[in-house]
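Keep in mind that what you see is a predicted model, and the values were worked out from it rather than measured.
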Amino acid sequence: MTERSLNLTNTKDKHIISANIQDNQAYMEERLGMGSSFDVGFRELIILKQKVQVYYVTGLCDSLIIQELLKKLVEINDVETNKRKLPEIIENRLVHQQVKSVKTMDEAADEILSGLIGVFINGEKYAQIIDVRSYPGRSPEEPDTEKVIRGSRDGFTENIIENTALTRRRLRDERLRNEMLKVGERSKTDVCVSYLQDIADDDLVDLIKNHIESIEIDGITMAEKTIEEFLIKRKWNIYPKVRYTERPDVAASHLLEGHVLIFVDTSPSAIILPTTFFHHLQHAEEYRQAPSIGTFIRFIRYMAVFASMFLLPLWLLFTMDPTLLPKELSFIGPNEEGNVPIALQIILAIFGVEFLRMAAIHTPTPLSTAMGLIAAVLIGQIAIDVGLFSPEVILYVSVSAIGSYVTPSYELSVANKLMNILFVLFVGLFGFTGFVIGIVVTILFLVQLKSLKTPYLWPFLPFNAKAMLHIIFRIPVPYTNTRPSIVHPRNNYRQPTK
């Protein structure tokens with residue numbers, strides 16, 4: 001038997017809570033490292049001549065709540081005398097709204113490490129677990145990547161309890177389900193599966209929960225990204241098959257459509273399943289404006305995404321074969337070709353933009369403005385003067401880069417950027433033939449992709465006229481009274497019929 005299987009076997013053994021409190025203490029000292037781990041708290045009290053032990057993690061519990069709890073337990077000695085009813089008395093004195101009993105040491109240890117308080121009573125074969133966790137973290141604020149002009153300014157945080165609360169605040173439906181699972185033999189990370197019971201497809205919910213429960217890994221420190229890779233198994237595919245959001249209103253809207261959300265503790269991003277290519281092109285701003293304005297914004301966004309993928313290879317194609325251009329557009333070609341081939345200039349310029357993007361991420365905010373000025377004024381202009389780049393290359397690469405920044409989904413923008421580079425290489429090597437082959441191969445590749453059995457290019461392929469109308473135009477809300485058929489909702493109508 002391998003070392004990994006032995007570890008899994010050991011962690012899955014169930015240790016029943018002993019009536020001898022000293023045995024439980026010995027287990028906790030070995031399992032939780034009491035004495036060596038400073039953050040694992042322990043307090044032993046004598047209540048009605050019986051030992052009562054309290055365990056907690058100092059950084060995950062509010063100290064005031066712990067002090068109030070200890071105070072209530074000690075006061076039992078002053079007002080109670082019936083030793084036989086000590087367990088019932090203690091349970092009634094646990095001043096918190098969420099208290100449950102566990103009968104195994106493994107479950108008790110896991111709960112304590114999750115930020116709950118464990119109370120053991122000598123002579124009893126169970127422990128009382130009190131949910132008083134108070135995770136350190138920031139307050140809800142608007143996500144940087146999903147800002148809107150009008151609308152709410154709150155966003156998900158790294159606290160899974162706050163995230164589910166922000167969603168339930170918008171959906172006060174008794175049929176909203178938040179099912180908590182744990183992933184990771186060592187990290188034991190909380191993972192919440194959220195869905196509307198009477199809308200979401202049961203098979204979809206069961207499929208997602210079964211995938212999560214079957215994950216075998218020591219820890220998911222990278223949170224939602226690790227969950228995605230286990231769920232989707234995209235391997236080396238660059239296109240995202242799940243959508244991330246940090247906005248509670250966007251998450252609630254997808255729940256109403258019949259999607260399933262996955263929250264992972266320590267991550268401010270919720271996973272939306274299933275999703276298609278066109279889900280990554282939606283933005284909350286379109287729904288915060290009038291339908292006509294939202295449609296205009298959507299068209300501009302589609303143009304930007306198109307430019308991020310096809311502007312550079314098209315311009316390179318026209319540069320290599322000017323006969324493809326009408327006389328009215330002959331100005332498009334470069335006036336000065338420079339000392340480097342145009343295709344290589346484009347590749348180098350794309351890499352230069354990526355250098356700046358990564359530098360901006362790692363540069364402190366007070367210095368980022370100075371870095372941008374240096375890159376634009378000095379590096380860009382000098383590169384043109386020395387003949388490394390032609391001015392047109394800088395122009396079209398900049399427009400393509402702006403198009404990638406306009407793309408709502410960061411994951412999709414990166415995928416489109418890689419495809420853009422491949423298109424440039426195909427055109428540079430094979431000309432018009434390479435451009436056609438690149439587009440055909442890309443479409444065929446996207447057609448065969450599926451996100452949890454959902455066609456990636458729906459409603460374009462397979463074609464659905466009504467759904468495609470909703471993709472192209474921002475339809476007024478009163479006329480969007482049906483849910484997307486691709487998620488197979490149990491209740492297809494969004495609004496009751498009169």
Side-chain angles (χ1 to χ4, degrees), residues 195-196 198-208 231-232 234 237 239-245 249-261 271-287 289 291-306 309-310 407-409 411-412 415-416 419 439-497:
Y195 59 95
L196 284 170
D198 64 324
I199 297 177
D201 181 35
D202 290 338
D203 293 337
L204 174 63
V205 175
D206 292 339
L207 177 64
I208 293 174
L231 279 174
I232 300 300
R234 55 188 287 199
N237 169 35
Y239 276 95
K241 291 186 178 182
V242 304
R243 182 184 177 186
Y244 295 102
T245 184
D249 50 1
V250 173
S253 297
H254 282 82
L255 284 174
L256 289 173
E257 290 182 353
H259 294 266
V260 178
L261 300 184
I271 300 176
I272 302 174
L273 289 169
T275 53
T276 66
F277 178 86
F278 297 101
H279 279 108
H280 295 276
L281 301 180
Q282 297 177 355
H283 194 274
E285 180 67 20
E286 300 165 4
Y287 298 90
Q289 302 292 339
S292 56
I293 303 299
T295 300
F296 172 74
I297 294 174
R298 185 171 292 184
F299 282 166
I300 297 297
R301 181 171 291 113
Y302 286 169
M303 291 173 59
V305 175
F306 181 87
M309 291 187 66
F310 299 112
T407 306
S409 169
E411 290 76 19
L412 181 63
N416 288 342
M419 295 306 300
I439 291 180
V440 172
V441 170
T442 301
I443 293 177
L444 292 177
F445 174 71
L446 294 177
V447 166
Q448 59 86 33
L449 287 183
K450 291 183 182 296
S451 172
L452 292 181
K453 303 179 181 180
T454 302
Y456 197 58
L457 286 185
W458 183 89
F460 178 64
L461 290 173
F463 185 73
N464 185 311
K466 185 176 182 180
M468 198 66 197
L469 188 67
H470 284 260
I471 293 296
I472 298 174
F473 301 98
R474 208 289 254 173
I475 306 297
V477 173
Y479 299 103
T480 56
N481 55 2
T482 58
R483 296 185 172 89
S485 60
I486 197 64
V487 296
H488 306 291
R490 298 175 60 186
N491 179 2
N492 191 46
Y493 294 96
R494 295 175 62 97
Q495 300 166 358
T497 56

Shortest non-hydrogen pair, R483 vs Y493, comes out as NH1-O, 2.9 Å

Across all chains, not counting sequence neighbours, the side chain to side chain contact (heavy atoms under 4.5 Å, CB included) partners of A304 are V406

**Asked** So, the side chain of R474 versus the backbone of Q289: is there a donor-acceptor pair under 3.5 Å, distance only?
**Response** yes

So CG of L281 and OG1 of T276: to nearest 0.5 Å the spacing works out to 8.5 Å

One should read off an interatomic distance between M419 CE and I439 CD1, to the nearest 0.5 angstrom, of 10.0 Å

Between L261 and Y195, does the side-chain contact (heavy atoms from CB on, under 4.5 Å) criterion hold? Intermediate values first, please. CA-CA 6 Å; L261 300 184; Y195 59 95; over 6 Å; no

The reported gap from NE2 in H259 to CG in L452 (rounded to nearest 0.5 angstrom) is 11.5 Å

Check: For the side chain of Y456 and the backbone of L461, is there at least one donor-acceptor N/O pair under 3.5 Å apart?
Finding: no

Residues passing the side chain to side chain contact (heavy atoms under 4.5 Å, CB included) test with S409, sequence neighbours excluded, are H280, E411, L412

Within-4.5 Å side-chain heavy-atom neighbours: Y287 and S253:
no

Those residues at least two apart in sequence (or on a different chain) that pass side chain to side chain contact (heavy atoms under 4.5 Å, CB included) with P459 are F278, N464, A467, M468, I471

Shortest non-hydrogen pair, S451 vs P274, comes out as O-CB, 3.5 Å

The side-chain contact (heavy atoms from CB on, under 4.5 Å) partner of L273 among I232, V487, V205 is I232

For E286, the salt bridge (Lys or Arg N to Asp or Glu O under 4.0 Å) test, sequence neighbours excluded, returns R298, R301

query: Would H279 and I272 count as a side-chain contact (heavy atoms from CB on, under 4.5 Å) if you check the C-alpha gap in whole Å, the side-chain angles of each, and the deciding distance to 0.1 Å?
result: CA-CA 10 Å; H279 279 108; I272 302 174; over 6 Å; no

Apply the test side-chain contact (heavy atoms from CB on, under 4.5 Å) to residues L449 and F277: give CA-CA distance (whole Å), side-chain angles for both, the deciding distance (0.1 Å), then the verdict. CA-CA 10 Å; L449 287 183; F277 178 86; over 6 Å; no

Rounded to the nearest 0.5 angstrom, the CG-CG distance for L207 and L231 is 8.5 Å

All heavy atoms of K450 vs all of P455, minimum pair found to be NZ-CG, 4.1 Å

The reported gap from CG in N481 to CG in N492 (rounded to nearest 0.5 angstrom) is 9.0 Å

Residues pairing under salt bridge (Lys or Arg N to Asp or Glu O under 4.0 Å) where one sits in residues 249-261, two or more places apart or in two chains, turn out to be R247-D249, D249-R288

If only atom types and distance count, is the side chain of T275 paired as donor or acceptor with the main-chain N or O of K241 below 3.5 Å? yes

When rounded to the nearest 0.5 Å, the distance separating CD1 of I443 from CG of L446 is 8.0 Å

Heavy atoms of R490 and D201 approach each other most closely as CG-CA, 4.4 Å

Note to self: If only side-chain N and O atoms count, and only distance matters, is there a donor-acceptor pair under 3.5 Å linking R243 with H254?
What the structure shows: yes

Those residues at least two apart in sequence (or on a different chain) that pass side chain to side chain contact (heavy atoms under 4.5 Å, CB included) with F473 are T295, F299, L469, I475

Let's go through L204 and H488 carefully: what are the C-alpha distance in whole Å and the side-chain angles of both, what is the deciding distance for side-chain contact (heavy atoms from CB on, under 4.5 Å) to 0.1 Å, and is it a yes or a no? CA-CA 9 Å; L204 174 63; H488 306 291; over 6 Å; no

